[in-house]
Amino acid sequence: MGRTGSADLPLHGGRVPPWLASRMARLGEVMVEALVLEEGPHGVLRRLAHPFWFQALGCVMGMDWHSSGITTSVLGALKRGLAGRERELGLTVCGGRGQHSRRTPQELVEFGERTGVDGAALARTSRLVAKVDSALVQDGFDLYLHGFVVANDGAWTVVQQGMNPGRRQARRYHWLSEGVRSFVDEPHAAIEGQPAGAIVNLTDRRAAASRAAALELAREPDRVLRELPFLTMPAHHDVGRSDIFLRRLHGTLAAARDAGPRDFPELLLQPGVGARTVEALAAVAEVLHGAPCRFTDPARFSLAHGGKDGHPFPVPLAVYDRTISILKQAVSAARLGRTEKIEAIRRLDEQARRLEGSLGAQLDAYFEQERARSHELGGRDVSGPARPPGRSQLPLFRNVRS
């Protein structure tokens, strides 16, 4: 796997509320379990090393669709969700943000003691990766997050992120062990972020002479400029037509409404499971089975479970919980050899691609409908539960007759 491109991520602060963090961990756990069944632990590592897929995963989990916070929240959700199941699933998530990132080497040493893999070598790798992106790639972004996802056989993916507070931007760096031949000669699977002027990139193969000279302290390293394709994540919070491939969205919605009743006869008989839940499942199915080229518009996946900031609409907790429940049922059955439900989820993705065409409903009308019924679906964002349309806040004082 070579370089996969880059993306500009607006730098956002804040925390993930507990009601969403717990659901992100549960959804992340069952999605990883489904991927392990389908592609094995190495398949999960390859997907995490793809920057567009990583962003789409955060969107389908209900995070702010465009922000830097997806990196921290997704890694945190996976670390919590996989805790206690590392040996079973074959994957361990180490590191994190701030002080958690500094604990990564020790976590990897302990991982080695449990699995028999050379944990000290993995710890050295962790330090080298961080040093490359902080010292050899001088792009104005200071690292503050380092996540190291490792398989039981020692294969790994690193996702780390730096920030440039002055520009209110973040840059995410992706590494994949199966593509690394040298830590200092073009090792990245991908780099995400917006160029901030001249970049001193000593990992470029053209900088080999500069690296040698730097080691000898004989002269200053040359400045090597590189242009990479960028997935530009805009600063605006709302999701607009320009952020989504509408024909793909149409395919997802049409598959849910047309194919859902045929593919999910048992599930649709459960109370509360209808077209809206199947719509969310269709988006999740694409994240599980879609090819890399289909994740260049990650905003589209925010339509599955909304966003914690209310864009494109509040998180429909009832739909979110049903998605987790249905996936758990499908994965549990597949582990016992009954693959009908997990295959039905795959068929949703296949059907969506066949139905792609011109969009039947207008995007704005779809968003308006989702917001209008948000309170019926347990809608919630960081400001609180969704309210019925037209309901205004009660006055602080009323005239009460004695």
Side-chain angles (χ1 to χ4, degrees), residues 10 12 14-28 30-31 54-70 72-74 76-77 233-234 236-246 248-250 252-253 256-257 272-287 295 297-327 352 361-389 391:
H12 284 187
R15 293 183 177 275
V16 181
W19 54 263
L20 180 58
S22 61
R23 288 175 171 85
M24 289 182 67
R26 298 204 303 273
L27 182 58
V30 71
M31 290 184 70
F54 191 99
Q55 196 78 11
L57 176 62
C59 289
V60 85
M61 284 182 165
M63 267 300 292
D64 301 337
W65 65 279
H66 62 154
S67 81
S68 60
I70 275 182
T72 305
S73 59
V74 168
M233 303 302 291
H236 60 260
H237 290 268
D238 58 301
V239 178
R241 294 175 64 90
S242 62
D243 303 312
I244 292 176
F245 289 158
L246 294 182
R248 290 180 179 172
L249 174 61
H250 168 69
T252 300
L253 299 179
R257 290 164 183 164
V273 175
R276 181 61 183 86
T277 301
V278 182
E279 285 176 13
L281 281 170
V284 171
E286 185 173 353
V287 175
F295 301 111
D297 61 332
R300 179 164 49 94
F301 297 93
S302 67
L303 274 65
H305 298 127
K308 73 174 180 65
D309 62 353
H311 297 287
F313 43 79
V315 178
L317 299 186
V319 174
Y320 205 132
D321 291 341
R322 289 170 194 144
T323 300
I324 296 172
S325 175
I326 290 171
L327 280 177
Q362 294 297 318
L363 185 64
D364 291 342
Y366 179 82
F367 287 162
E368 184 178 347
Q369 174 185 326
E370 283 296 310
R371 294 178 186 125
R373 64 174 176 169
S374 180
H375 66 288
E376 299 173 356
L377 301 175
R380 187 178 185 122
D381 59 24
V382 291
S383 66
R387 297 183 177 184
R391 179 178 176 180

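For the atom pair CG of L377 and CG of D321, the computed distance is 11.5 Å after rounding to the nearest 0.5 Å. For the atom pair CG of L249 and CZ of F301, the computed distance is 10.0 Å after rounding to the nearest 0.5 Å. We find the NE2-OG distance between H311 and S67 to be 12.0 Å, quoted to the nearest 0.5 Å. If you take CD on E368 and CG on L363, they are separated by 12.0 Å, rounding to the nearest 0.5 Å.
Contact check on R248 versus E286 returns no salt bridge, with no Lys/Arg side-chain nitrogen under 4.0 Å from an Asp/Glu carboxylate oxygen.
The side chain to side chain contact (heavy atoms under 4.5 Å, CB included) check on A299 picks up W65, V239, D243, I244, with sequence neighbours excluded. Applying the side chain to side chain contact (heavy atoms under 4.5 Å, CB included) criterion to R15, with sequence neighbours excluded, gives no partner residue. Residues that satisfy the side chain to side chain contact (heavy atoms under 4.5 Å, CB included) test with S73, not counting sequence neighbours, are V16, M24, M63. When the ring pair (Phe, Tyr, Trp, His ring centres under 6.0 Å) test is applied to F313, no partner is found at least two apart in sequence or on another chain. Evaluation of the side chain to side chain contact (heavy atoms under 4.5 Å, CB included) rule for S374 yields P314, A386 as partners, not counting sequence neighbours.
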- Is there a side chain to side chain contact (heavy atoms under 4.5 Å, CB included) between L27 and L327 once you walk through the steps? CA-CA 8 Å; L27 182 58; L327 280 177; 3.8 Å; yes

- Task: Could you check M31 against L57 for side chain to side chain contact (heavy atoms under 4.5 Å, CB included), going step by step and ending with a plain yes or no?
- Result: CA-CA 10 Å; M31 290 184 70; L57 176 62; 3.9 Å; yes

- Walk me through it: do D64 and I70 pass the test side chain to side chain contact (heavy atoms under 4.5 Å, CB included)? CA-CA 7 Å; D64 301 337; I70 275 182; 5.9 Å; no

- Task: Evaluate side chain to side chain contact (heavy atoms under 4.5 Å, CB included) for L303 paired with F367, printing each intermediate quantity in order.
- Result: CA-CA 9 Å; L303 274 65; F367 287 162; 3.8 Å; yes

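P316 approaches R276 most closely through the heavy-atom pair CG-NH2, 4.0 Å. Here the closest non-hydrogen pair linking V319 and A280 is CG1-CB, 3.8 Å. The shortest non-hydrogen separation linking V60 to A304 is CG2-CB, 3.7 Å. Nearest heavy-atom pair, V74 versus G58, reported as atom, atom and distance to 0.1 Å: CG2-CA, 3.5 Å.
Sequence neighbours left out, the pairs with a member in residues 373-385 that pass salt bridge (charged side-chain N to carboxylate O under 4.0 Å, His left out) are E370-R373.
In summary, the aromatic rings of F295 and F54 are positioned with their centroids too far apart to meet the 6.0 Å limit. H66 has its ring centre less than 6.0 Å from the ring centre of H237.
Within the 3.5 Å criterion, the main-chain N or O of M61 finds a donor-acceptor partner in the side chain of Y320. Panel note: side chain H305, backbone S302; no donor-acceptor pair is recorded below 3.5 Å. For R26 (side chain) and S325 (main-chain N/O), no donor-acceptor pair under 3.5 Å exists by modelled atom type.
More than 12 non-hydrogen atoms from other residues, nucleotides or ligands lie less than 6.0 angstrom from CD of Q369.
No option in T277, V284, V278 other than T277 meets the side-chain contact (heavy atoms from CB on, under 4.5 Å) test with I326.
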